[in-house]
There are 2 protein chains.
Amino acid sequence: MPKSKTHKELSERSVHLFKALVEHYINQGQPVGSRTLARETDLDLSPATIRNVMADLEDMGLITSPHTSSGRIPTAKGYRFFVDSLMRIDKLDSAEMKRIASELDPGADIKSLLERTSSMLSEITHLAGIVMLPRTEHKSLQHVEFVKLSDNRVLVILVMSDREVQNRIIQTAKPYSTAELQRASNYVNSHFIGKDLNNVREDILRELQKAKDDVNHVMQTAIEMAGSAIIKGDGHGDYLMAGQTNLMEVAELCDVDKLKRLFEIFSQKRDILHLLDQAIHARGLQIFIGEESGYEVLDACSVVTSPYEADGEILGVLGVIGPTRMPYERVIPIVDVTAKMLGTALNSDS
Amino acid sequence: MPKSKTHKELSERSVHLFKALVEHYINQGQPVGSRTLARETDLDLSPATIRNVMADLEDMGLITSPHTSSGRIPTAKGYRFFVDSLMRIDKLDSAEMKRIASELDPGADIKSLLERTSSMLSEITHLAGIVMLPRTEHKSLQHVEFVKLSDNRVLVILVMSDREVQNRIIQTAKPYSTAELQRASNYVNSHFIGKDLNNVREDILRELQKAKDDVNHVMQTAIEMAGSAIIKGDGHGDYLMAGQTNLMEVAELCDVDKLKRLFEIFSQKRDILHLLDQAIHARGLQIFIGEESGYEVLDACSVVTSPYEADGEILGVLGVIGPTRMPYERVIPIVDVTAKMLGTALNSDS
DNA sequence: TTTTGACACTCTCAACGGGAGAGTGCTAAA
DNA sequence: TTTAGCACTCTCCCGTTGAGAGTGTCAAAA
């Protein structure tokens, strides 16, 4: 039986060379050849030897050459191996930590905090930053207020348990007086505060049916509204993105057609949300490399994400989108730390 | 003294040819030469004659040739002349009118209404749609509500006169009881409702100073906050944009570097806002052609805008951004009608 | 005086064809 | 097993060339 390296574990030397190749490519952006690799590694090997090793690596699907006779570049599988097993993640230096912390002012309201976060992510990574808005799944009501705007228009203010506030205007069939509305809000406030909206919505609605209060309808609408706000409101299924233009100077994507399709995916939102949804369920830092994401347009892109949480609950996920050829050692800790810091900034005690 | 056509009024024939040239170029996107023009016009002229006319037009700065021996294309000045004096604006056909009207649901809240508007603009024009958020200049308070979130955190809800609602959280030096906050909001509500915030802010603050109420600080902060919300809040200096990707398939902009600078202008917002500010003061449909905008990146772009108003007051401005070579006859009525319809959808009686 | 046909000229664009450079695979020797 | 050598392949750049489109001009025609 002939000795074959395919599907065998790699020799230490091969791994060393592979790592050097990936690092070189990430830095330089050019396919790297045997000659360069011979020069750049401390192993004392001739280009010819390295060529043999590279042929093995290519057989295993870790690297590929864009065309005969240019150097090799890592494949998605190669990046995956690199990221999972080879890479040493840098500790983020404290100056950078401080910068991140200082950008995330816990006093700000949630929306601008998240905006700040996404643009900061894009600025320090030079990639596109992305922050999913918190999911409002397990929200409960903290306070309800009905404000009469005109005879048939009532403004409903829902204060959720965290800093989220929802406003809706509803049209009522008949006019309600301010006093009636006051009574209604008192009723809702005294009965339903602090309950998990998702679980008890039906109970609340049933109870309201029974009550037959004359402002019943307003309250009912309010609760339904709160429910629908949870399902399709601002809080769910949306994200912020910043620094998309950074992707325009990435050589790998520098063709207008590809860029267009990429940007269309961004503004269409559905696919990216789907990806983020996967990431949020993974609980922990997640990396999608190239084709792994399952979207053809993201072939040349990697997505690094991390969920962020406050008060022990996962609220959403944030991260960056960039070319597969991105400095993972640097990007990963940035995303990781940012998620943690955003979490502490969002904690209710701060 | 030799007879010269430069700086003279154009002959009718020249104008006719110029108009034909612009229309042809807008349709085809290719520089148009004398031969084509001879074929396409009903004037029975030889290419040579037309070349003479074109030379005149070039002297006057209305057209130019990208290089010797390609046809001519209109200059910004040429487009301006075309738009101001030559163009016959299409009536929007009623099917399209209906479509616009049906997209703008008066029941929706203001934010999603404006979002709908911008993406609709981009869809039907195949350009980028832009909608400036309403300015909150002459807003007055309709209702104030203080909600205690925790000992030192108070949620302030400001209901402005139109459908706008502002929420802010403020930190207080000492804890206030719910009752105290209730008193405070009653006080503010009974004293300051309906006053124009811009004009009376100082008065209010002075009065509050005098009052020396123990929750004075909260109210003071609230009013100050309302003031600053007016100046730099959501309501001012922001816009929505949709369909930017449409600009990517415009041949004139199909170089990544130009695109990048364009998109940077968009996300940076300042310059576009400045442009929209000019447009809002112009009261009425406004067209910036190429270099007229004053921004170098917008050289190859035109911006068509129209202010929108509700209840007799100008709220903001909307429009589209596209290449100078855009079908003005079609785009202008679309922007015009959309602004009007958005206005009626925003009217408080609807 | 205006219009036209004719002609030379200019410029772009696409195709073609080296030549340099980089890198490979293979083979035979160390 | 490693290495030197060699032939080969591919890209990229550059200059050339020819076709095509359109121009400007000038002298003749209207």
Side-chain angles (χ1 to χ4, degrees), chain A residues 2-6 8 10-14 16-18 20-21 24-25 28-60 62-75 251-252 254-255, chain B residues 1-6 8 10-18 20-21 24-25 28-60 62-75 251-252 254-255:
Chain A
K3 188 166 171 186
S4 150
K5 275 206 173 154
T6 319
K8 278 237 176 182
L10 292 151
S11 75
E12 198 176 326
R13 194 181 64 180
S14 309
H16 188 130
L17 282 170
F18 173 70
L21 185 149
H24 188 94
Y25 179 65
Q28 308 296 328
Q30 295 296 326
V32 18
S34 54
R35 176 182 231 81
T36 331
L37 218 46
R39 236 185 295 111
E40 304 255 323
T41 51
D42 39 5
L43 276 55
D44 223 11
L45 294 173
S46 76
T49 314
I50 292 183
R51 280 203 286 280
N52 287 327
V53 176
M54 283 168 108
D56 292 347
L57 293 170
E58 182 153 19
D59 283 344
M60 306 179 69
L62 294 177
I63 57 178
T64 185
S65 44
H67 55 264
T68 345
S69 234
S70 75
R72 308 301 217 292
I73 62 176
T75 61
E252 292 91 318
C254 253
D255 111 76
Chain B
M1 187 172 134
K3 188 166 174 186
S4 150
K5 274 205 174 154
T6 320
K8 277 237 175 181
L10 291 150
S11 74
E12 197 176 327
R13 195 181 64 180
S14 308
V15 170
H16 188 131
L17 282 171
F18 173 69
L21 185 148
H24 187 94
Y25 179 66
Q28 307 296 327
Q30 295 296 326
V32 17
S34 54
R35 174 182 232 83
T36 331
L37 217 48
R39 236 185 296 109
E40 304 255 324
T41 50
D42 38 5
L43 275 57
D44 224 14
L45 294 172
S46 76
T49 315
I50 292 183
R51 279 203 287 282
N52 287 327
V53 176
M54 284 168 107
D56 291 347
L57 292 170
E58 183 154 17
D59 282 346
M60 306 179 69
L62 294 177
I63 59 179
T64 186
S65 44
H67 54 265
T68 346
S69 238
S70 74
R72 308 299 217 295
I73 62 176
T75 61
E252 291 91 318
C254 253
D255 113 76

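Labels below follow one simple rule: chain letters A, B, ... track the order of the sequence lines, proteins then strands, and each chain is numbered from 1.
- For the contact set between residues 65-75 of chain B and DNA chain D, defined by any heavy atom under 4.0 Å, the members are B:Ser69, B:Ser70, B:Gly71, B:Arg72.
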TODO: Test side chain to side chain contact (heavy atoms under 4.5 Å, CB included) on A:Thr64 and A:Glu58 and set out the steps.
DONE: CA-CA 6 Å; A:Thr64 185; A:Glu58 182 153 19; 4.1 Å; yes

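- Neither OP1 nor OP2 of D:dC26 sits under 4.0 Å from any side-chain N or O of B:Arg51.
- Side-chain contact between A:Gln28 and A:Thr36 is absent, with no heavy-atom pair separated by less than 4.5 Å.
- The shortest distance between side-chain heavy atoms of A:Arg72 and A:Leu57 does not fall below 4.5 Å.
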Atom pairs under 3.5 Å, N or O on each side, protein against nucleotides 28-30 of chain D: can you list them with distances?
none

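- Atom CG of B:Leu37 is separated from atom P of C:dT4 by 14 Å (rounded to the nearest Å).
- As a whole-Å value, the separation of B:Gln28 CD from D:dG22 P is 13 Å.
- One interatomic measurement links the two molecules: CG of A:Leu57 to C1' of C:dT24, which rounds to 15 Å at whole-angstrom precision.
- The CD1-C1' distance, from B:Ile63 to D:dT23, rounds to 12 Å in whole Å.
- Between B:Ile50 atom CD1 and C:dT2 atom C1' the separation is 14 Å, expressed in whole Å.
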Open item on the list: For a side chain to side chain contact (heavy atoms under 4.5 Å, CB included) check, start with the C-alpha distance between A:Thr49 and A:Ser46, then their side-chain angles and the critical distance, and finish with the verdict.
Closed with: CA-CA 5 Å; A:Thr49 314; A:Ser46 76; 3.0 Å; yes

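- In this structure, A:Asp44 places its CG atom where only 12 or fewer heavy-atom neighbours from other residues, nucleotides or ligands lie under 6.0 Å away.
- Both A:Arg35 and B:Thr49 lie close to DNA chain C; mapped to their nearest nucleotides by heavy-atom distance, the more 5′-ward contact belongs to B:Thr49.
- A:Arg13 places a side-chain heavy atom less than 4.5 Å from the side chain of A:Val53.
- Residue B:Met54 holds its CE atom at 5.0 Å from CD1 of B:Ile63, rounded to the nearest 0.5 Å.
- The separation between B:Asn52 atom CG and C:dG5 atom C1' is 13 Å, rounded to whole Å.
- The side-chain heavy atoms of A:His16 and A:Glu12, taken from C-beta on, include no pair separated by under 4.5 Å.
- Contacts between residues 38-48 of chain B and DNA chain C, counted as heavy-atom distances below 4.0 Å, involve B:Asp44, B:Leu45, B:Ser46, B:Ala48.
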